[in-house]
*Asks:* 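Have a look at the structure that comes next, please.
Side-chain atoms are counted along with the backbone in the values below, which use heavy atoms only and exclude waters and symmetry mates. Sequence lines set the chain letters: A, B, ... in the order given, protein chains first and strands last, and positions in each chain run from 1.
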Amino acid sequence: MTTLFALVDCNNFYVSCERVFNPGLEHRPVVVLSNNDGCIVSRSNEVKALGIGMGKAAFEVRDILTRHHVEAFSSNYTLYADMSGRVMQTLADFSPAMEVYSIDEAFLDLSGIGQPPADYGRQIQHTVRQWTGIPVSVGIASTKTLAKLANKIAKKSPKAAGVLNLADSPFLTQALQRVAVQDVWGVGLRIARKLNAAGIMNALDLSRADIGWIRGQFGVQGVRTVYELQAISCYPLEENPQDKKTIIVSRMFGRSVTAIDELMEASATYAARAGEKLRQEGLAAGMMSVSVATSRFIEHRYYNVHTTVFPTATFDSAELVQAATASIERIYREGFDYKRAGVLLHELTPQEYVQRTLFDTADRARAGRLMRTLDAINRRGDCTVRWAAEGIDKPWHTQFKHLSPKFTTRWDQLPVVS
DNA sequence: TCTGGGGTCCTAGGACCC
DNA sequence: TCTGGGGTCCTAGGACCC
């Protein structure tokens, strides 16, 4: 059976979201920053042209940003998540089978569309733009890896204008040749270096590499990548993503923290947030690992982690918060400038399959009702009800100095047309 | 002064078993 | 002095992704 995949990828997604509600930003250099306004995580084409790399620390390029009047925004995840939902909903109309791959990408199954794939791609591009305001690129091919590659070329090539079909294309060899090996899906920096050292420079070279050597050097993933470049599909469309295996809430602080009670507040806050995510997924956690760390960029470094095992898997934030603060007592050491804390939930099981231990006395039904009520209240506003352990002022809180309004999810922040 | 966050999969190696 | 072989399970860490 022949396969046909489209990869639809939003262009400069976070920047594009900001532009939808602030059209004055069109054709101007714009960046979106990571948490704490630390790194550049989304760049407009104008900024890419300035040579500012993805993931660059903002303070390192401050001069260039100022000189070119670059508009900078803090990450507005609420807005981006909502816009992502709109894009995905639009895409769902174009295929009976879709895999949401990330916040700004989806694979569509295009086998059996009954019209030229490139034309269909144009329709997708046009419709998403019209319905959501977000520009997208579409790459089409017979495997996911080739669809990713087609998408990459579609974005850059003026001739493709955002849509490229490589399935049954006479230009496939040419396309493979012009993509550097490190730009192939599944090839990162380390693997690219090794490949380059072996004289494998572009995707075409990789598609013709010796499979035994690849297996020995890079394992089964490497082999799959090579096959996928040869148009042999190894990665099927994953329509129903399996349950999450881990849930992480981890943040850098807005300033360094030395006191144990501030670390406790932070870890309690993250544990409560992790609990919300957990319940949203309908899961319960068997284990929780709490970690603290100093900056990676200083001499006097410290990192430690403590793991709590819950005898009965839990989705009760009270239990998570309590365990989190207890963990901090175990791993806190005086005399360090802490810069980050994190909570990792693992051993996740669906709530309905939770095995209770013989000695479990907790009233889980009651806790469940309490959590549902809590979540419902907090969904309406921003953290209306909080755990006392989280603290009130949160002076350590991650910074977002350039945040745009929650245009689409809060009545009081709707854009006003005058 | 300032350097993100949230995930997955695979492999190697140790513990343990027969 | 001799000191197997194979299997499973678990964990840590590497590599990748966006």
*Asks:* In whole angstrom, give the distance that lies between atom CG of A:Asn151 and atom C1' of C:dC18.
*Replies:*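 From A:Asn151 CG to C:dC18 C1': 13 Å.
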*Asks:* With rounding to whole Å, what would you report as the distance between B:dT3 and C:dC18 at their P atoms?
*Replies:*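 25 Å, rounded to whole Å.
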*Asks:* B:dC9 phosphate, OP1 or OP2: any side-chain N/O from A:Lys245 under 4.0 angstrom?
*Replies:*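 For B:dC9, OP1/OP2 do have a side-chain N/O of A:Lys245 under 4.0 Å.
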*Asks:* Hey, is the side chain of A:Arg224 poking within less than 4.0 Å of OP1 or OP2 on B:dC10, counting only N and O atoms?
*Replies:*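 Answer yes for this pair, as a side-chain N or O of A:Arg224 is under 4.0 Å from OP1 or OP2.
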*Asks:* Nearest whole angstrom, please: distance from the P of B:dT11 to the CD of A:Gln217.
*Replies:*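 To the nearest whole Å, that distance equals 13 Å.
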*Asks:* To the side chain of A:Glu105, which of B:dT3, B:dG4, C:dC18 is closest?
*Replies:*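 Output: C:dC18.
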*Asks:* Of the nucleotides B:dC10, B:dG4, B:dT8, which has the atom closest to the A:Val220 side chain?
*Replies:*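 Nearest listed nucleotide: B:dC10.
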*Asks:* Under 4.0 Å, counting only non-hydrogen atoms across every strand here, what does A:Tyr101 touch: a base, just sugar-phosphate, or nothing?
*Replies:*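 Sugar-phosphate, no base atom in range.
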*Asks:* Hey, does A:Arg251 reach any base, or is it just sugar-phosphate, or nothing, if we go heavy atoms under 4.0 Å?
*Replies:*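 Sugar-phosphate contact only.
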*Asks:* Counting any heavy atom closer than 4.0 Å, what does A:Asp37 reach on the DNA or RNA strands: base, sugar-phosphate only, or nothing?
*Replies:*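 Nothing: the residue A:Asp37, judged by heavy atoms under 4.0 Å, touches no strand.
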*Asks:* Only pairs with both distances under 3.5 Å count, Watson-Crick or wobble alike; so what is the partner of B:dC18 in this structure?
*Replies:*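 In the structure as shown, B:dC18 has C:dG5 as its Watson-Crick or wobble partner.
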*Asks:* Need one value for A:Arg193: base, sugar-phosphate or nothing, where a base atom within 4.0 Å counts as base even if backbone is also close, heavy atoms only.
*Replies:*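 No contact.
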*Asks:* Within less than 4.0 Å of OP1 or OP2 of B:dC9, is there a side-chain N or O belonging to A:Gln242?
*Replies:*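 Result: yes.
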*Asks:* Using a distance-only test with no angle check, is there a side-chain donor-acceptor pair under 3.5 angstrom linking A:Ser289 and A:Thr307?
*Replies:*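 A donor-acceptor contact under 3.5 Å links the two side chains.
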*Asks:* Answer with base, sugar-phosphate or nothing: what part of the nucleic acid does A:Lys339 contact at a heavy-atom distance below 4.0 Å?
*Replies:*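 Sugar-phosphate contact only.
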*Asks:* When you measure from the side chain of A:Phe59, which nucleotide among B:dC2, C:dC18, B:dC9 comes out closest?
*Replies:*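 Side chain of A:Phe59 sits closest to B:dC2.
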*Asks:* Can you say whether the rings of A:Tyr302 and A:Phe336 are parallel (under 30°), tilted (30 to 60°) or perpendicular (over 60°)?
*Replies:*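 Parallel: the ring planes of A:Tyr302 and A:Phe336 meet at under 30°.
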*Asks:* Under 4.0 Å, counting only non-hydrogen atoms across every strand here, what does A:Val32 touch: a base, just sugar-phosphate, or nothing?
*Replies:*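 No contact at all - A:Val32 keeps every heavy atom at 4.0 Å or more from the nucleic acid.
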*Asks:* When we call it a touch if two heavy atoms are under 4.0 Å apart, what does A:Ile103 touch: a base, just sugar-phosphate, or nothing?
*Replies:*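 The answer is nothing, as A:Ile103 stays clear of every strand by at least 4.0 Å.
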*Asks:* Could you tell me whether A:Tyr338 and A:Tyr332 have their ring centroids closer than 6.0 angstrom?
*Replies:*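 When the ring centroids of A:Tyr338 and A:Tyr332 are compared, they turn out to be within the sub-6.0 Å range.
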*Asks:* When we call it a touch if two heavy atoms are under 4.0 Å apart, what does A:Lys56 touch: a base, just sugar-phosphate, or nothing?
*Replies:*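 If one applies the 4.0 Å heavy-atom cut-off, A:Lys56 turns out to touch nothing in the nucleic acid.
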*Asks:* Does C:dC18 have OP1 or OP2 sitting under 4.0 Å from an N or O in the side chain of A:Lys148?
*Replies:*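 Checking A:Lys148 against C:dC18: at least one side-chain N or O falls below 4.0 Å of OP1 or OP2.
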*Asks:* Are the side chains of A:Val41 and A:Leu33 in touch, meaning some heavy atoms are under 4.5 Å apart?
*Replies:*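 They are not in contact (no side-chain heavy atoms under 4.5 Å apart), so the answer is no.
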*Asks:* Find the distance A:Met252:CE to B:dG6:C1' and express it as a whole number of Å.
*Replies:*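 Answer to the nearest Å: 15 Å.
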*Asks:* Categorize A:Ile191 for me: base, sugar-phosphate, or nothing, with a 4.0 angstrom heavy-atom threshold over every strand shown.
*Replies:*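 Counting heavy atoms under 4.0 Å across all strands, the contact made by A:Ile191 is with sugar-phosphate only.
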*Asks:* Are A:Val32 and A:Glu18 packed together at the side-chain level, in the sense that at least one heavy-atom pair is separated by less than 4.5 angstrom?
*Replies:*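 A side-chain contact under 4.5 Å exists here.
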*Asks:* Side chain of A:Cys39 only, heavy atoms from C-beta on: which candidate in B:dG5, B:dG4, B:dG6 is closest?
*Replies:*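 Nearest nucleotide to the side chain: B:dG4.
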*Asks:* Measure the distance from CD1 on A:Ile40 to P on B:dG4 and round it to the nearest whole Å.
*Replies:*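 Result: 12 Å.
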*Asks:* Choose from B:dT3, B:dG4, B:dT11 the nucleotide whose nearest atom is closest to any side-chain atom of A:Ala57.
*Replies:*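 Per side-chain heavy atoms of A:Ala57, the pick is B:dT3.
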*Asks:* Hey, which of these two, A:Gly55 or A:Thr246, hits DNA chain B nearer its 5' end, going by closest nucleotide?
*Replies:*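 The 5'-side residue here is A:Gly55.
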*Asks:* Rounded to the Å, how far apart are A:Lys155 NZ and C:dC18 P?
*Replies:*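 Result: 10 Å.
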*Asks:* Run the ring pair (Phe, Tyr, Trp, His ring centres under 6.0 Å) test on A:Trp387 and A:Tyr270 for me, step by step, so that the C-alpha distance in whole Å, both residues' side-chain angles and the decisive distance to 0.1 Å come before the verdict.
*Replies:* CA-CA 11 Å; A:Trp387 300 89; A:Tyr270 303 163; over 10 Å; no
*Asks:* Do the two ring centres, one from A:Phe94 and one from A:Tyr120, sit under 6.0 Å apart?
*Replies:*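 Here the rings of A:Tyr120 and A:Phe94 have centres that are less than 6.0 Å from each other.
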*Asks:* Round to the nearest Å and state the distance from A:Glu281 atom CD to B:dG7 atom C1'.
*Replies:*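 In whole Å, B:dG7 C1' lies 12 Å from A:Glu281 CD.
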*Asks:* Take the protein atom CZ of A:Phe218 and the nucleotide atom C1' of B:dA12, then report the distance between them rounded to whole Å.
*Replies:*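 Whole-Å distance recorded here is 17 Å.
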*Asks:* Between P on C:dC17 and CG on A:Asp9, what's the gap in Å once rounded to a whole number?
*Replies:*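 So the two atoms are 14 Å apart, to the nearest Å.
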